[in-house]
K.L.:
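Handing you a structure now.
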Amino acid sequence: GKGTYPFYMLKEIDEQPAVMRKLSQLYTDDAGNVTVDHAIIDALGQADRIYIIAAGTSYNAGYASKYVLETLTEKPVELGIASEWGYNMPRLSEKPFFIFLSQSGETADSRQVLVKTNELGIPSLTVTNVPGSTLSREASFTMLLHAGPEIAVASTKAYTAQIAALSFLAKAVGQAIGNEAAAAFDIVHELSLVAQSIEATLSEKELIESKVAGLLSDTRNAFYIGRGQDYYVSMEASLKLKEISYIQCEGFAAGELKHGTIALIEEGTPVIALISNNPKVAAHTRGNVSEVVARGAHVITIVEQEAATTEDDIIINNVHPYLSSISMVIPTQLIAYYASLHRGLDVDKPRNLAKSVTVE
Ligand code: F6R
């Protein structure tokens, strides 16, 4: 049950530090070595390209995991929208390896692609929260998310668990192929810092609520902007806001806004900027913030500590860049939650949606 929580979503948001620690326990042995099934490491190690197939939030988690996977496995990672690839499979590489990312393991759109890759004899891995689920049974291999049951329709802890689980996979494959960054990446330590960073953000719920309550209680639209990893988080942040608050929201690559979409910025349009500590892009995102401020946008900044100033609204403890999407998404989950709450909506059961989508 949800205990003292008003909604499952808030309970599941709060469970995320524990999920991070549990994944560290379950994907390492007593000596601290990463324990991903050798058969998975071998099969993936032989591939020339990784394809991640997913829908919705799981698709966004795939994007958030692309950087760590590409860096440590030294293989290109391509994302596929499940409902598209079922009928419009693009030209594949010579030795593809498919990863099906799915909280429920039952998403019909993803299964449609898995049926095709099985026909083609392509090796596959399902990363899912549900042991024995359809996608798990039908793929060559399975990795579990160990996030515990996710009841709220809006997915939160499954998204962060997916990024963590794929980081363990990236570390394991990278080590097996002798990648130096993989050997140097102390994932258990870094995930413990992530858990602490999440806890610090969760202890500031009232601050986050106060920043968005007025702003998002009667707006019709909003934007999330960011670059690099923050762009991927902005896609997830906007999906979450849309599905439970019914505010039309776009996650946008910050630099792309000026190529047309900035026309939508008016007096008071909420723009939430995500700025993690990436020196290559942080200043550029700041520039894009100034552009929308000049057009009347009401901006909220969510910034990693090392990149932050006293002017910023929500400050997040720094974590390893491979994992920053996990800690950066937390305030956006809370923003969606409070926006929905302040609009008097059923946070856990938004209209038109079901927890697992078993139709194509
Ligand atoms: C968003 C949400 C959906 C699911 C999507 C995929 O909060 O819940 O977008 O993420 O339907 O579901 P799974 O991961 O079960 O395949």
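In each ligand, atom 1 is the first atom listed, and ligand 1 is the first ligand listed.
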K.L.:
Tell me which protein heavy atom sits closest to atom 7 (O) of ligand 1, plus the residue, atom name and distance to 0.1 Å.
P.N.:
E243 OE2, 2.3 Å

K.L.:
Is K11 salt-bridged to E15, going by a charged N under 4.0 Å from an acidic O?
P.N.:
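The answer is yes: the pair qualifies as a salt bridge.
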
K.L.:
If you take all heavy atoms of L72 and A170, which pair is closest and at what distance?
P.N.:
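Heavy-atom minimum between the residues: CB-O, 3.5 Å.
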
K.L.:
Is there any N or O on Q162 that sits under 3.5 Å from an N or O of ligand 1?
P.N.:
no

K.L.:
Assess whether side-chain contact (heavy atoms from CB on, under 4.5 Å) is satisfied between Q229 and N278, documenting all intermediate values.
P.N.:
CA-CA 9 Å; Q229 290 297 108; N278 176 353; over 6 Å; no

K.L.:
When you measure from atom 10 (O) of ligand 1 to every protein heavy atom, which one gives the shortest distance, and what is it?
P.N.:
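Checking every protein heavy atom, the shortest distance to atom 10 (O) of ligand 1 gives T57 N, 3.1 Å.
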
K.L.:
Just to be sure I'm reading this right: ignoring hydrogens, which of S104, A55, A54 gets closest to atom 15 (O) of ligand 1? Compare them by their nearest heavy atoms.
P.N.:
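It is S104 that holds the nearest heavy atom.
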
K.L.:
Taking the six-membered ring of Y246 as reference, does the NZ or CZ atom of R351 fall below 6.0 Å from its centre and within a 45° cone about the axis?
P.N.:
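Yes, R351 lies over the aromatic ring of Y246.
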
K.L.:
Taking only heavy atoms of G56 into account, list the atoms of ligand 1 that are under 4.0 Å away from them.
P.N.:
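So the atoms of ligand 1 that pass are 9 (O).
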
K.L.:
Among all protein heavy atoms, pick out the one at the shortest distance from atom 12 (O) of ligand 1; state its residue, atom name and that distance to 0.1 Å.
P.N.:
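Ranking protein heavy atoms by distance from atom 12 (O) of ligand 1, first comes T107 OG1, 3.5 Å.
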
K.L.:
Is it the case that E106 and T134 place a side-chain donor and acceptor less than 3.5 Å from each other?
P.N.:
yes

K.L.:
With atoms numbered from 1 as shown, which atoms in ligand 1 lie under 4.0 angstrom from a non-hydrogen atom of S102?
P.N.:
13 (P), 14 (O), 15 (O), 16 (O)

K.L.:
Answer yes or no for K240: is there a heavy-atom contact with ligand 1 below 4.0 Å?
P.N.:
yes

K.L.:
Which one holds for K355 and ligand 1: side chain close, backbone close, both close, or neither close, with close meaning a heavy atom under 4.0 Å?
P.N.:
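Within the 4.0 Å criterion, K355 makes no contact with ligand 1.
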
K.L.:
Which of the listed options, V357, T358, L135, T128, holds the heavy atom that is closest to atom 11 (O) of ligand 1?
P.N.:
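Minimum heavy-atom distance to atom 11 (O) of ligand 1 goes to V357.
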
K.L.:
Check the pair I50, E78 against side-chain contact (heavy atoms from CB on, under 4.5 Å), reporting the backbone distance first and the verdict last.
P.N.:
CA-CA 6 Å; I50 299 167; E78 191 171 330; over 6 Å; no

K.L.:
Could you tell me which atoms of ligand 1, counted from 1 in the order shown, lie closer than 4.0 angstrom to a heavy atom of A154?
P.N.:
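Listed by number with element: 7 (O).
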
K.L.:
Select one of side chain, backbone, both or neither to describe which atoms of V153 lie under 4.0 Å from any atom of ligand 1, heavy atoms only.
P.N.:
backbone

K.L.:
So is S110 in contact with ligand 1, going by heavy-atom distances below 4.0 Å?
P.N.:
no

K.L.:
Under 3.5 Å, is there a donor on one side chain and an acceptor on the other for Q305 and N318?
P.N.:
no

K.L.:
Going by side-chain heavy atoms closer than 4.5 Å, which hydrophobic residues are tied to L353, directly or by a chain of links?
P.N.:
V153

K.L.:
For residues T269 and L264, determine if any side-chain heavy atom of one lies less than 4.5 Å from a side-chain heavy atom of the other.
P.N.:
no

K.L.:
Write out the residue and atom name of the closest protein heavy atom to atom 14 (O) of ligand 1, then the distance separating them to 0.1 Å.
P.N.:
S58 OG, 2.5 Å

K.L.:
Who passes ring-ring contact (aromatic ring centres under 6.0 Å, His included) against Y338, sequence neighbours left out?
P.N.:
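Y338 satisfies ring-ring contact (aromatic ring centres under 6.0 Å, His included) with no other residue.
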
K.L.:
For S155, counting its heavy atoms only, list the atoms of ligand 1 lying under 4.0 Å from any of them.
P.N.:
7 (O), 8 (O)

